[in-house]
2 protein chains.
Amino acid sequence: MTDSTASRAMTRRAGIADVAALAGVSPGTVSKALNGRGSLREETRARVRAAADELGFSPSTVARSLLSGRTFTVGIITTDSYGRFSIPVMRGVEDSLGVGEMDAFLCDSRDDPIRERHHLRKLLDRQVDGIIVAGRRTDARRPLSDDLPVPVVYAFARSSDPQDCSVVSDERGAARLAIEHLVKTGRRRIAHITGPQSHASARERAAGAAEALAEFGLELAGEPLFGGWTEVWGRFAAAQLLRSVPDIDGVFCGNDVVARGVADGLRESGINLPEQVGLVGTDNWAVLAEAARPPLTTVDLGLEEIGRRAGDLLLAAIDGNPAPGTHIVHGHLVVRES
Amino acid sequence: MTDSTASRAMTRRAGIADVAALAGVSPGTVSKALNGRGSLREETRARVRAAADELGFSPSTVARSLLSGRTFTVGIITTDSYGRFSIPVMRGVEDSLGVGEMDAFLCDSRDDPIRERHHLRKLLDRQVDGIIVAGRRTDARRPLSDDLPVPVVYAFARSSDPQDCSVVSDERGAARLAIEHLVKTGRRRIAHITGPQSHASARERAAGAAEALAEFGLELAGEPLFGGWTEVWGRFAAAQLLRSVPDIDGVFCGNDVVARGVADGLRESGINLPEQVGLVGTDNWAVLAEAARPPLTTVDLGLEEIGRRAGDLLLAAIDGNPAPGTHIVHGHLVVRES
DNA sequence: GCATAGGCGGAAAAGGTTTTCCGGACAAAA
DNA sequence: TTTTGTCCGGAAAACCTTTTCCGCCTATGC
C-alpha cells in the first residue's frame, strides 16, 4: 500500500533553492536568469541554466500562480456532454491555447443550470484566466452570469447578450454554399429537408437557402420540410417529397444525418443519385458522409476553426484586448459525389 | 482596452483576511471554522460562516495547493483526438472525479510521442495528483514513462506493462454476449465480419466468438472476414458471405459501422432481417444503430463505466491505495430489432 | 483563595516563486 | 584621492491558506 507511495518519487522535486545552491547564487538570481529578467552577466545566466538542467528543474506552476494571480488555465464548459459539435470545437480551442502554454479544464454541465453554476464556481475558485462556453445548439443561450471577473467567449452557441463575445458559424452562408453548388451543377427544382423548426440552425439554414435561391431568380420547390435530425425522418421526408413535388432535381438537407436518410429514401424510390437529383448535406460528418451512397457532398461549418477563433479571442481578452460582439466563421463546401 | 479590465472585477476576491476582519477573529481561526478543524465554540464557527457567506468567500485553490502539495487536479491524456471512444470514457472519468471535487486537464496527444511527452511535462509541472491515459484502440500501448511521481491509470487501451493499472473492456465477453443472443434466438449458422486483423479488438472479438460458439457445440460459418471498420467493407463482405456461405442465419459484426453496412448489404440482396438472418453489432453507437434497418442489436462495451472505474482507481491510488494490474469492465447487450 | 486543567483562539511559520529595492564593488571622471 | 555612476546580484516582501504551537482566560477542585 503505502510502500508504493514511497517507491514513487524517491527524489523530491527540485526547487529553485536547489538550483540556487548548485549554481552558487541566490534564489532570486535563479529566477531572473531563467526568465531573462534583471541584469546579470551572461556567464551567470549560463551557470544557472546548467544547474537547472542538471536538476531537471522547472518552476512550480502553483507557486507562480499564487504570486501572479494568473494560472495559465482556462475552463471549457460544454453545455452538452461532449458531442458531435463540442468535440471539434474543443480540439480547436486546445490548439489555440497550446501556443499560449495554457491548459484547459473540462467541465460538462449537461445542460443543467445547477451543474453549470457549480462548475463556474469551481473554475473561479481555481482562478482560471478565462472561460469558454461551448454548446451543441446554435440557438442563443442565456449568458453564464454577468459581472464575472474573467473574460468569457461563447463558441458555436452564441450568448443572447450581443455585448458578449461569441464565435458562431455562418448558418446562412452555409446554406448559400449548398445552394450555389446545386445551381451551378444545373439543378433548378431544389427542395429543402431539415430538422425541427424549433432549432435556430434549421430555421436559419432554411432562410439562407431561400435567400440564395432568390438571388438566382429561383425559389424553393415546395415548402421546406421540417422534422427531426434523424435518418428515419430523412427517408420519410424523401418519399413525401417525391409525392408532392415529383419533378425535383436537387435537395439541400439541414444536416448529414437527414441527408443520408434522404439519399436512401430517394435511391430506394428508384431515383438515381446524382444523375437525377443532386444532394447536399450540412456538417461534414465524415463517417456518415463517406458511407452514404453516393458519398455525400456537404457543407463543413468549420467547427475546429470556431474553436481556434474562440481560443484566440479568449487569449486576447485575457491580455486586455477584448473583442466583444459576435464573430462569424465561414464554412466551406466539401464536394463528394452526390 | 485596459478600462474593460478595470470594469471587470471591481471588487477584489474576498480573502480569508477579509472574512477574519468581518468576523472579528484571526485568519487562522477562519480556516479552522470553515474546515471543521481545531476547537472552536459553535458560536464562533457560525459567526465565521456568516461572514464568509456575506463576502462570498471561497478559499483560493492555488494557495491551498501550494501548502498541501496536492492540486486536486488530474490530467487526461487522450492519445487520439477525442473520438468515438475517448469521449464516453472521459465523461465517466469526469463523473468519478467530480465526487472527489477534482478537475481534469484535457490533453490531446494525437498519437504523437513528442506531443505526449510535452503534455506529460506540463502536467507534472502543474503538479497534477494523477494521470489518466485514454486511447482509442484496445491494443496495448507503451507505458507513459516509468518512475513517475504520480499514479497513472490507463483506460480502454491497456499499458503493455502488466504491473500498470489498466481498465479495459471485456472483448471476449462482448463477443460471447453477441453469440449467446444469436444462439438463443435460434441461429445456428453464424458468421463473423469485422475490422482489420491488425487491430487487437478485431482479433479478440473473433476469438471470443469462436470460443462461445464452441461452448454451444457450434462453429463459425466460414472463416471470419477481416477488413476495415467501414460500411463499405460491411456491404462488400455481406455480398461475399452470401456467395461463399449461402445458408447463414446469423452474423456477428466487430463493430456497428460494419454491422450497418452488412445490414444494408444483406437487405439489398433480398435477405429479410431479422427473419432470415439475425445481426448483432458491437459498440452501441446510438445514432448509427438506431437508424439501421432494422435498428441494430449491439453490444455496449460500457465505455462510460470504464471511465468511471478508471477515475475511481486513480482516486484510490492518489489516496495511497493503488490497485495495479488489469481491470476488466463487462459490457451488456442492447437488444433492438435485428 | 489558589492552583491546575481544559477550552478557545491568536501568532507565526511554511509552501515556492517573482519582484522590488538596495548595496557592494569596480571603473571612470574630477 | 574622492566622487559619481554603473553593473551585478543578494535580501526580503508578497501572494493566500493551513497548521502547529502557545498562551490566556475561565472554571473547577481542593
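Every chain is numbered from 1 and lettered A, B, ... according to where its sequence line falls, protein lines coming before strand lines.
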Specify the separation, in whole Å, of atom [atom1] of [X] and atom [atom2] of [N].
X        : N       : atom1 : atom2 : answer
Asn35(A) : dT19(C) : CG    : P     : 7 Å
Ile16(A) : dG10(D) : CD1   : P     : 12 Å
Arg13(B) : dC15(D) : CZ    : C1'   : 12 Å

Next on the checklist: With a 6.0 Å cut-off (strictly less than), is the heavy-atom count around CZ of Arg70(B), excluding the residue itself, greater than 12?
Outcome noted: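 Yes, the 6.0 Å shell around CZ holds more than 12 heavy atoms from other groups.
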
Checklist entry - For dT18(C), does either OP1 or OP2 sit under 4.0 Å from a side-chain N or O belonging to Arg37(A)? => result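 For Arg37(A), the contact criterion (side-chain N or O under 4.0 Å from OP1 or OP2 of dT18(C)) is not met.
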
Item to check | Given Leu40(A), Asn35(A), Leu34(A), the one that forms side chain to side chain contact (heavy atoms under 4.5 Å, CB included) with Arg37(A) | outcome: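 The passing option is Asn35(A).
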
Answer yes or no: is there an ion pair linking [X] with [Y], defined by an N-O contact shorter than 4.0 Å?
X        : Y         : answer
Asp95(B) : Arg110(A) : yes
Glu94(B) : Arg91(B)  : no
Arg47(A) : Glu43(A)  : yes

Item to check | Arg141(A) to Tyr154(A) six-membered ring, cation-pi geometry met (6.0 Å, 45°) | outcome: no

Next on the checklist: Tell me which residues in residues 49-72 of chain B lie within less than 4.0 Å of DNA chain D, going by non-hydrogen atoms.
Outcome noted: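 Within residues 49-72 of chain B, the residues near DNA chain D are Phe57(B), Pro59(B), Ser60(B), Ala63(B), Arg64(B), Leu67(B).
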
Checklist entry - Just by distance, do the side chain of Asp139(B) and the backbone of Ala200(B) share a donor-acceptor pair under 3.5 Å? => result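 It does hold such a pair.
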
Which protein N or O atoms sit under 3.5 Å from an N or O of nucleotides 9-13 of chain C?
from: dG9(C); atom 1: OP1; to: Arg41(B); atom 2: NE; distance (Å): 3.2
from: dG9(C); atom 1: OP1; to: Arg41(B); atom 2: NH2; distance (Å): 2.8
from: dG9(C); atom 1: OP1; to: Thr44(B); atom 2: OG1; distance (Å): 2.4
from: dG9(C); atom 1: OP2; to: Arg41(B); atom 2: N; distance (Å): 2.9
from: dG9(C); atom 1: OP2; to: Thr44(B); atom 2: OG1; distance (Å): 3.2
from: dG10(C); atom 1: OP2; to: Ser26(B); atom 2: N; distance (Å): 2.9
from: dG10(C); atom 1: OP2; to: Ser26(B); atom 2: OG; distance (Å): 3.0
from: dG10(C); atom 1: OP2; to: Thr29(B); atom 2: OG1; distance (Å): 2.4
from: dG10(C); atom 1: O6; to: Lys32(B); atom 2: NZ; distance (Å): 2.7

Checklist entry - Which distance, rounded to the nearest 0.5 Å, do you find between the CG of Leu123(B) and the CD1 of Ile131(B)? => result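 Atom-to-atom, Leu123(B):CG and Ile131(B):CD1 are 5.0 Å apart.
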
